[in-house]
Amino acid sequence: MNINKKKVVIIGSGFSSLSAACYLAKKGFNVSLFEKNDTVGGRARQLITEGFTFDIGPSWYWMPDIFDRFFADFGKQTSDYYQLDKLSPAYKIFFEDDIITIGDCMDKICEEFERIEKGSSRHLKKFIAKAQRNYDIAINEIVYRPGLSPLELVTKDTILRVDQFFKTISQEVRKNFKNPKLISTLEFPVLFLGAKPNNTPAFYSFMNFADFGLGTWHPKGGMYQIILGMKSLAMELGVTIRTDSPVDKIIVREGKATGILVNSETIDADMVLSGADYHHTETLLDSSYRQYSEKYWQRKTFAPSSLLFFIGFDKKLENIEHHNLFFDTDFSEHASEIYDNPKWPTRPLFYANFPSVTDKSMAPGNKENAFFLIPIAPGLEDTPELREQYFDIVLKRFQERTGQSVENNIIFKKSFCVNDFKEQYNSYKGNAYGMANTLLQTAFLRPGLKSKKINNLFFTGQLTVPGPGVPPSLISGKLVSELMEKNN
Ligand SMILES: Cc1cc2nc3c(=O)[nH]c(=O)nc-3n(C[C@H](O)[C@H](O)[C@H](O)COP(=O)(O)OP(=O)(O)OC[C@H]3O[C@@H](n4cnc5c(N)ncnc54)[C@H](O)[C@@H]3O)c2cc1C
């Protein structure tokens with residue numbers, strides 16, 4: 001049968017679905033994408049209100065090479081769709097008694113490390129050189145593989161580094177650095193992978209190279225510009241996009257997916273791909289076609305959920321950068337309250353994002369746009385009272401650490417938490433960043449891109465291969481499109 005006539009339906013419109021849609025359309029499939037919400041983008045949607053533009057999900061643009069590769073696969077450049085600026089400084093970390101500023105190049109970062117601990121820049125250079133080698137291996141040899149077999153992880157380079165898969169990033173950092181602030185700074189990047197540093201293989205130090213070596217970038221107008229770029233590209237390639245279209249069922253006949261049910265309408269398909277949360281997608285199937293039991297999901301280490309606040313201030317704030325981490329409490333206590341003994345954190349660490357510091361388009365003149373994020377365990381009780389209690393905690397700490405009063409300058413405030421993640425994205429337990437990348441949840445050990453029970457049903461996104469984050473979601477879309485092409 002001619003591949004050009006094959007019809008693919010895609011559930012969801014997050015980064016992974018949009019990526020897959022572009023690749024599949026380029027390969028000649030007839031692609032239609034169905035999104036339950038009224039706009040595309042999934043966890044990366046945007047809220048525009050009262051002159052403020054809030055990205056409501058990702059805000060750190062790391063690994064620019066992966067975005068460049070994505071657009072290059074279509075003969076395009078990132079700059080065809082959005083303007084990218086390197087942030088300088090990249091970010092700032094507030095500790096109880098000091099502030100560490102991460103500059104936009106290794107020289108500045110080394111200077112800051114020396115200020116904190118004499119002699120540490122020598123260790124840092126070695127650590128980052130090793131991290132860079134890991135990055136090259138990860139990006140060129142491992143991450144673009146579909147997770148079908150353990151052999152994918154076996155290369156000349158990984159054999160030489162096998163110890164790094166069994167040591168943790170926490171051990172690796174502590175071997176080289178003694179100062180607790182430098183340790184926290186170097187353990188921060190792997191938090192994007194969704195697990196504790198002492199449960200993440202040392203090989204993932206490639207995230208440190210992404211951080212210090214490649215830098216932190218900002219698309220002018222916010223992260224949603226990437227989504228808009230990918231949507232334009234998909235449409236240029238002929239993809240049909242339908243929003244306000246929740247998929248209620250994946251229709252299966254005699255072991256084959258024949259289509260989906262959307263708003264009581266049956267849409268026929270030759271292949272079905274879901275970029276919605278994996279657990280939710282399986283609930284769209286009759287139970288005999290599900291691959292994983294509820295017990296399976298319960299046993300998995302999920303990345304955290306988050307309590308988020310989007311805030312508009314009526315003045316410019318002081319002593320802040322575009323990205324700010326508040327590591328002024330005990331990291332291990334908070335981590336344990338996320339992973340080991342899930343409960344609302346006693347003394348939460350938090351992140352504050354002020355994109356209007358570097359991008360005037362994000363807030364009206366003389367006003368500031370803010371996004372506060374507290375990572376929490378997925379599945380926690382979520383009530384308006386708890387949200388307010390934690391807003392007071394972080395606002396008080398923010399005022400103390402930055403030495404200013406802002407509580408009377410709030411002109412807009414909206415929160416987002418576990419219940420919203422469940423309701424808006426059908427997220428399992430309200431997770432924010434999918435399933436963590438621990439050693440036992442890496443590559444072929446993650447839920448697969450292809451159903452083991454239905455030959456023409458596929459999955460993509462942050463719960464499958466390669467894992468959480470925007471760059472992995474772009475890669476996930478590419479990997480699944482290749483499997484689907486082969487399945488013909
Ligand atoms: C608060 C937050 C901060 C983050 N920060 C960063 C960051 O700074 N940098 C970074 O790289 N990553 C970050 N991430 C992670 C990153 O955003 C995600 O990994 C990525 O966006 C996931 O994309 P996805 O395609 O897998 O899933 P999603 O974006 O969740 O897409 C799934 C889509 O499926 C839709 N859907 C669900 N059920 C149905 C149905 N039945 N019918 C139709 N549609 C359905 C959903 O509405 C959604 O649009 C962050 C995430 C969050 C939540």
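Both counts, for ligands and for their atoms, begin at 1 and track the order of listing. The analysis underlying the following values was restricted to heavy atoms, covering all of them including side chains, and did not include hydrogens, waters or symmetry mates. All values reported here derive from a predicted model rather than from experimental measurement.
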**OP:** State the atoms of ligand 1, each with its element, that fall below the 4.0 Å cut-off from a heavy-atom position in Gly461.
**Re:** 26 (O)
Original post:
Is the shortest N/O to N/O distance between Phe192 and ligand 1 below 3.5 Å?
Top reply: no
Subject >> Gln424: numbered ligand 1 atoms lying under 4.0 Å from its heavy atoms >> reply: 47 (O)
Subject >> Ala44, portion touching ligand 1 at heavy-atom distance under 4.0 Å >> reply: neither
Original post:
Quick one: which ligand 1 atoms are inside 4.0 Å of a heavy atom on Phe421?
Top reply: 53 (C)
Original post:
Any donor and acceptor pair, going by atom type alone, linking the side chain of Lys453 with main-chain N or O of Arg290 inside 3.5 Å?
Top reply: yes
Original post:
Under 3.5 Å, is there a donor-acceptor pair linking the side chains of Ser59 and Tyr351?
Top reply: yes
Original post:
Centres of the Phe398 and Phe354 rings: under 6.0 Å?
Top reply: yes
**OP:** Applying side chain to side chain donor-acceptor pair (under 3.5 Å), name anything that partners Ser305, two or more places apart in sequence or on another chain.
**Re:** none
**OP:** Using a 4.0 Å heavy-atom cut-off, say whether Asn426 meets ligand 1 through its side chain, its backbone, both or neither.
**Re:** side chain
Subject >> Side-chain H-bond candidate by donor/acceptor type, Lys231 with Tyr81, under 3.5 Å >> reply: no
Original post:
What residue and atom, counting heavy atoms only, is the protein's closest point to atom 49 (O) of ligand 1, and at what distance?
Top reply: Glu35 OE1, 2.5 Å
Original post:
Judged by non-hydrogen atoms, does Ser306 sit under 4.0 Å from ligand 1?
Top reply: no
**OP:** Verify whether the ring centers belonging to Phe54 and Phe371 lie closer than 6.0 Å.
**Re:** no
Original post:
Which residue holds the protein heavy atom closest to atom 31 (O) of ligand 1, what is that atom called, and what is the gap in Å?
Top reply: Gly14 CA, 3.4 Å
**OP:** Give yes or no for whether the N/O distance cutoff of 3.5 Å, strictly under, is met between Asn37 and ligand 1.
**Re:** yes
Original post:
Do the ring centers of Phe70 and Phe15 come within less than 6.0 Å of each other?
Top reply: no
**OP:** Mark up the atoms of ligand 1 that fall under 4.0 Å of a heavy atom belonging to Phe34, in ascending order.
**Re:** 43 (C), 44 (N)
**OP:** Taking only Lys NZ, Arg NE, NH1 and NH2, and the carboxylate oxygens of Asp or Glu, determine whether Asp382 and Arg387 approach each other closer than 4.0 Å.
**Re:** yes
Original post:
Among all protein non-hydrogen atoms, which one is nearest to atom 11 (O) of ligand 1, and what is the separation to 0.1 Å?
Top reply: Val470 N, 2.9 Å
Original post:
Based purely on interatomic distance, does Phe371 place a nitrogen or oxygen under 3.5 Å from a nitrogen or oxygen of ligand 1?
Top reply: no
**OP:** Could you say whether the N/O atoms of Ser17 and ligand 1 ever approach to under 3.5 Å?
**Re:** no
**OP:** Kindly indicate, with the supporting measurements, whether the criterion side-chain contact (heavy atoms from CB on, under 4.5 Å) is fulfilled by Asp211 and Trp60.
**Re:** CA-CA 10 Å; Asp211 179 0; Trp60 297 77; 6.0 Å; no
Subject >> Element-labelled atoms of ligand 1 that are located less than 4.0 Å from some non-hydrogen atom of Gly12 >> reply: 33 (C), 34 (O), 35 (C), 44 (N)
**OP:** Work out whether the distance between some heavy atom of Ser245 and some atom of ligand 1 is less than 4.0 Å.
**Re:** yes
**OP:** Kindly write out the residues that satisfy ring-ring contact (aromatic ring centres under 6.0 Å, His included) with Phe459, not counting sequence neighbours, or none if the list is empty.
**Re:** Tyr278
Original post:
Which residue holds the protein heavy atom closest to atom 27 (O) of ligand 1, what is that atom called, and what is the gap in Å?
Top reply: Gly275 O, 4.0 Å
Subject >> Asp68-Thr78 side chain donor-acceptor pair, cut-off 3.5 Å >> reply: yes
**OP:** Would you check if there is a donor-acceptor pair between the side chains of Ser473 and Gln462 at a distance under 3.5 Å?
**Re:** no
Original post:
If hydrogens are left out, which of Tyr351, Trp60, Tyr425 has an atom nearest to atom 9 (N) of ligand 1, that is, the closest non-hydrogen atom?
Top reply: Trp60
Subject >> Numbered atoms and elements of ligand 1 in range of Ser473, under 4.0 angstrom, heavy atoms >> reply: 19 (O), 20 (C), 22 (C), 23 (O), 26 (O)
Subject >> side-chain contact (heavy atoms from CB on, under 4.5 Å) between Glu35 and Ser17, worked out >> reply: CA-CA 10 Å; Glu35 166 58 50; Ser17 296; over 6 Å; no
**OP:** Give the numbers and elements of all ligand 1 atoms closer than 4.0 Å to a heavy atom of Pro471.
**Re:** 11 (O)
Subject >> Identity and separation of the nearest protein heavy atom to atom 29 (O) of ligand 1 >> reply: Arg43 N, 2.9 Å
Original post:
So which of Ile260, Leu308, Thr39 gets nearest to atom 1 (C) of ligand 1, if we judge by its closest heavy atom?
Top reply: Leu308
Original post:
Ser16 heavy atoms, cut-off 4.0 Å: which ligand 1 atoms fall inside?
Top reply: 24 (P), 25 (O), 26 (O)
Original post:
For residues Ser205 and Asn134, is any side-chain donor paired with an opposing acceptor at under 3.5 Å?
Top reply: yes
Original post:
When you measure from atom 19 (O) of ligand 1 to every protein heavy atom, which one gives the shortest distance, and what is it?
Top reply: Gln462 OE1, 2.6 Å
**OP:** Give the contacting part of Val247 toward ligand 1: side chain, backbone, both or neither, where contact means a heavy-atom distance below 4.0 Å.
**Re:** both
Original post:
So, Phe67 versus Tyr61, ring centres under 6.0 angstrom or not?
Top reply: yes
Subject >> Nearest neighbour of atom 36 (N) of ligand 1 from the list Pro375, Ala276, Gly57, on a heavy-atom basis >> reply: Ala276
